[in-house]
Participant: 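To start, I am sharing the structure in question, which I have written as structure tokens.
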Amino acid sequence: MEERIVLDEGRFLADLEELGGIGAAPGEGRTRLALSDEDGEARRWLVRRMEELGLEIRVDGIGNLFGILPGEEGTEAPVTAGSHLDTVIRAGALDGAYGVLGALAVLRGVRESGTRLRRALAVAAFTNEEGVRFQPDMMGSLVLSGRLPLEEALAARDREGLRAGEELERLGFRGTDRVTPGAYLELHIEQGPRLEDAGARIGVVEGIQGIAWWGCTYRGQANHAGTTPMDRRRDAFAGVADLSRSLRELAARVPSSVATLGRVEVRPGAINVVPGRVDFTVDVRAEAPESFGRLKEEVPRLLREAAGRHALELEAEALADAPPVRFPREMTDLVDSCARGETDRVLRLASGAGHDAQFLHFLCPTAMIFVPSRGGLSHCPEEHTEAADLLRGVRVLARGLIALAQREA
Ligand code: GLV
Ligand code: MN
Ligand code: MN
């Protein structure tokens with residue numbers, strides 16, 4: 001790295017802690033579902049941080065938030081880094097926040113070191129990456145990449161029937177700007193066990209596996225638990241239990257795939273009533289395009305078969321479909337060389353989790369940097385990464401952003 005910047009490590013760690021406090025409850029991690037009050041609070045907090053740094057703030061139609069540090073060539077096509085502020089339910093403090101605050105720390109370092117770069121830098125926080133409240137997930141980056149019409153995204157409804165567009169307006173984050181990154185780097189915790197298992201300190205992410213989601217309902221007949229003979233039941237939960245086994249078998253059959261029934265709501269949900277209805281979700285993922293294609297083909301069949309075996313009616317809606325991507329070689333090689341400037345314990349791997357980079361990839365040269373997750377835990381309050389690893393990741397990001405920003409656009 002020709003240009004050196006000084007990173008304010010203490011400030012970065014303090015920012016992580018402060019942001020992690022938004023939406024936090026004792027023993028429950030934090031919950032900042034997309035476009036909730038807590039997400040709004042996190043957004044306002046980030047805007048204040050961006051303002052303190054004198055960044056140019058832009059908000060686009062789906063509420064993606066950008067803070068731009070102009071380069072010698074102006075503000076066009078900024079070299080961008082970021083992630084998301086929204087979380088799953090009972091989340092850790094790092095998923096999403098780390099990438100946003102890592103980027104902010106680099107821009108702060110560039111500004112405070114008086115470093116002059118050819119191209120603009122931007123920190124980005126994309127709307128609704130997690131997809132827990134509104135589907136599809138990675139909504140902000142999907143819209144930005146042109147792969148989901150804005151109007152369709154704004155019309156997405158949560159389970160209370162509230163629309164994403166209305167929530168965005170309510171929070172004051174429905175903007176009119178348009179920012180098109182010229183390159184994108186996303187810093188993230190791995191959220192799995194591979195770096196830790198390999199004793200690696202930095203992961204060079206070669207790509208992201210495909211993700212497909214369905215929202216489903218099985219309808220049977222609620223009935224008395226004591227009087228209904230086992231062979232006369234239409235037990236909707238029995239259908240889901242059966243499906244759960246079929247999905248596990250599917251994941252065992254299709255190489256390197258995973259399958260999850262993450263939300264299962266049994267109705268009426270009483271000790272002495274045969275479940276008459278279950279609403280549930282299915283999440284399947286695979287890295288190889290053939291495997292991903294097989295999963296998408298087989299899930300609807302498995303849903304129908306389990307329904308048939310238990311005399312249930314089935315409703316199923318495809319909620320998300322993110323294709324597997326592989327980042328360009330030139331970008332992964334850049335991350336690799338930046339990583340090796342900080343450590344020789346580097347592992348190349350694919351991401352098991354979805355990220356905004358999955359769609360930024362369709363817009364501009366993109367890559368990702370991972371740091372280890374203790375015990376491979378994430379999407380839970382126990383999520384943790386050592387401060388030394390977090391800081392190393394930020395230094396790798398700084399090297400990458402500066403290298404990209406010094407290139408000709
Ligand atoms: C987001 O974190 C996902 O991978 O579902
Ligand atoms: Mn994330
Ligand atoms: Mn996540």
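Side-chain atoms are counted along with the backbone in the values below, which use heavy atoms only and exclude waters and symmetry mates. Counting convention: from 1, in listed order, for ligands and their atoms alike. Worth saying up front: this structure is predicted, and the values here are computed from it rather than measured.
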Participant: Decide whether the shortest distance between a heavy atom of R285 and an atom of ligand 1 is less than 4.0 Å.
Facilitator: yes

Participant: Only heavy atoms count here, so choose which of S378, A320, G354 is nearest to atom 4 (O) of ligand 1.
Facilitator: G354

Participant: In terms of relative ring orientation, are F12 and Y98 parallel, tilted or perpendicular, with 30° and 60° separating the classes?
Facilitator: tilted

Participant: Looking at R11 and E112, does any basic side-chain N land under 4.0 Å from a carboxylate oxygen?
Facilitator: no

Participant: Count the heavy atoms of every other residue, nucleotide or ligand shown that sit under 6.0 Å from CZ of R248, and state whether that count exceeds 12.
Facilitator: no

Participant: Within H84, is some N, O or S atom less than 2.8 Å away from the Mn ion (ligand 2)?
Facilitator: yes

Participant: Counting only heavy atoms, which portion of E130 has something under 4.0 Å from ligand 1: side chain, backbone, both, or neither?
Facilitator: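 For E130, the contact with ligand 1 is made by the side chain alone.
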
Participant: So is I211 polar-close to ligand 1, meaning N/O to N/O under 3.5 Å?
Facilitator: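 N/O-N/O distance under 3.5 Å: no.
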
Participant: For the backbone of L85 and the side chain of R32, can you confirm whether one donor and one acceptor N or O come within less than 3.5 Å of each other?
Facilitator: yes

Participant: Counting N and O atoms only, with roles assigned by atom type, does the side chain of T75 sit under 3.5 Å from a partner on the main chain of G71, one being a donor and the other an acceptor?
Facilitator: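 Judged by distance alone, no pair lies under 3.5 Å.
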
Participant: Give a yes/no verdict on whether any heavy atom in H379 is under 4.0 Å from an atom of ligand 1.
Facilitator: yes

Participant: In ligand 1, which numbered atoms sit nearer than 4.0 Å to a non-hydrogen atom of A353?
Facilitator: 4 (O)

Participant: Check this for me: E76, atom CD, are more than 12 non-hydrogen atoms of other residues, nucleotides or ligands nearer than 6.0 Å?
Facilitator: no

Participant: Would the distance check show the side chain of D389 and the main-chain N or O of P372 forming a donor-acceptor pair, the cut-off being under 3.5 Å?
Facilitator: no

Participant: Hey, what's the angle at the Mn ion (ligand 3) spanning NE2 (H379) and OD2 (D95), nearest 10 degrees?
Facilitator: 90°

Participant: What N, O or S atom of E130 is found closest to the Mn ion (ligand 3)?
Facilitator: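 Result for E130 and the Mn ion (ligand 3): OE2.
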
Participant: side-chain contact (heavy atoms from CB on, under 4.5 Å) with T127: which of R43, R174, M138?
Facilitator: R43

Participant: Tell me which part of Q209 gets within contact of ligand 1: side chain, backbone, both or neither, using heavy atoms under 4.0 Å.
Facilitator: neither

Participant: For the Mn ion (ligand 2), find the closest N/O/S atom belonging to H188 and write down its atom name.
Facilitator: NE2

